[in-house]
Each structure stands twice: as C-alpha cells, then as structure tokens.
Amino acid sequence: MDLTKAAMDLLSVLIERQEPGGEVNASQAELGARVGLSRNSANTAMSLLESRNLVLRPEDRKYRTYYLHPHIASYASQEELEDALEEVAERIEVGELPEITVPLHETAPPKRQSQPLRAVRAAG
C-alpha cells in the first residue's frame, strides 16, 4: 500500500478502536498519542490514509468521527460482513463509495541483492 510507518501505526489504532462496521470516534490527537505521534505527524498520516480511501470521513466532516473502508472494517457477525460487502459492491458500482486505492509505480522495486552490501573505504 506504500504507507509510512506513522500511517501504518495510526491505521492499527483505528482498527483497534473501531466499532463493528468501522466507525471510530476519537480525535487525531488521541489516536496519534496512542502510538507516539505528534499532532502534525498524526495529521499527515491521516491524510495519507484518507487519500488511499482506507479511512473515510463523513460528508459533514463531523469532528472526531472516522470510518474504516467497509472492505477493512470488522463486523459483529459473518452475516453482517456478507451483507456489508454486498452493499459496498453496489455503492462502489454507482459511485457512492470509493474503492481503496494503491499507488502505481513507474518502475518495479529493485530485486533483492544476492550478496549483502559491504562498506568500502573512500578513495583519497
């Protein structure tokens, strides 16, 4: 997903604090403090999570309310999960809900080195 460590930490706290269905009622400062992030770092991490549509904000941008995307939210029962996923598919299809986005990279990541790198003395 190409998330920073701060964003992964914040997402972990959101997952931990969610109600069934993905609603989280907490401020960014509270969530960030749980993992040792400053207010600014928490804001940057939350912005990244929102840009990937992992975290959704209500239309009215209600203070202290976040929603985990239904594809990553937890549910109280298997039946609720199945109902939610069916509804999510319909909402995505008609454009009411965004899909989770993953950044596209121009080049593939480097392949693993066959030999470990070694320190080399600088010339001079």
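No experiment lies behind these values; they were computed from the predicted model shown.
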Counting only pairs under 3.5 Å, give me each side-chain donor-acceptor contact of residues 86-95, with atom names and distances, residues two or more places apart or in other chains.
none

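- Among residues two or more places apart in sequence or in another chain, the side-chain contact (heavy atoms from CB on, under 4.5 Å) test is passed with P20 by A76.
- Not one N or O on the side chain of D9 forms a donor-acceptor pair closer than 3.5 Å with the backbone of V35.
- Of all heavy-atom pairs spanning L49 and L14, the tightest one is CD1-CD1, 3.9 Å.
- Across all their heavy atoms, T65 and R57 have their closest contact at O-NE, 3.6 Å.
- Atoms CG and OG, on D83 and S77 in that order, are 7.5 Å from each other to the nearest 0.5 Å.
- Rounded to the nearest 0.5 angstrom, I72 CD1 and L11 CG are separated by 5.0 Å.
- For the side chain to side chain contact (heavy atoms under 4.5 Å, CB included) with Y66, the qualifying choice from Q18, Q28, E23 is Q28, the only one to do so.
- Contact check for R17 versus V13: side-chain heavy atoms found under the 4.5 Å cut-off.
- Legend: ring pair (Phe, Tyr, Trp, His ring centres under 6.0 Å) pairs involving residues 22-47, not counting sequence neighbours: none detected.
- Between the side chain of E82 and the backbone N or O of E79 there is no donor-acceptor pair closer than 3.5 Å.
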Please list, one pair per line, the donor and acceptor atoms closer than 3.5 Å that link side chains of residues 39-48 to other protein atoms, with sequence neighbours excluded.
residue: S41; atom: OG; partner: S38; partner atom: OG; Å: 3.1
residue: T44; atom: OG1; partner: N40; partner atom: O; Å: 3.1
residue: S47; atom: OG; partner: N43; partner atom: O; Å: 3.0

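- Residues R64 and E30 are in side-chain contact: their nearest non-hydrogen atoms beyond the backbone lie under 4.5 Å apart.
- Note that the NE2 atom of H69 and the CD1 atom of I100 stand 5.0 Å from one another [nearest 0.5 Å].
- Taken to the nearest 0.5 Å, the CG atom of L68 stands 8.0 Å off from the CG atom of L56.
- Dense packing is recorded around CD of E80, with more than 12 heavy atoms of other residues, nucleotides or ligands lying under 6.0 Å away.
- Residues satisfying the side-chain contact (heavy atoms from CB on, under 4.5 Å) criterion with L81, sequence neighbours excluded, are Y75, Q78, L85.
- Atom CD of E96 has more than 12 heavy atoms from other residues, nucleotides or ligands within 6.0 Å.
- Under the 4.5 Å side-chain criterion, counting only non-hydrogen atoms from C-beta, R52 is in contact with L3.
- Scanning for side-chain contact (heavy atoms from CB on, under 4.5 Å) contacts around E16 gives R34, with sequence neighbours left out.
- With hydrogens and angles disregarded, no donor-acceptor distance shorter than 3.5 Å links the side chain of S74 to the backbone of I15.
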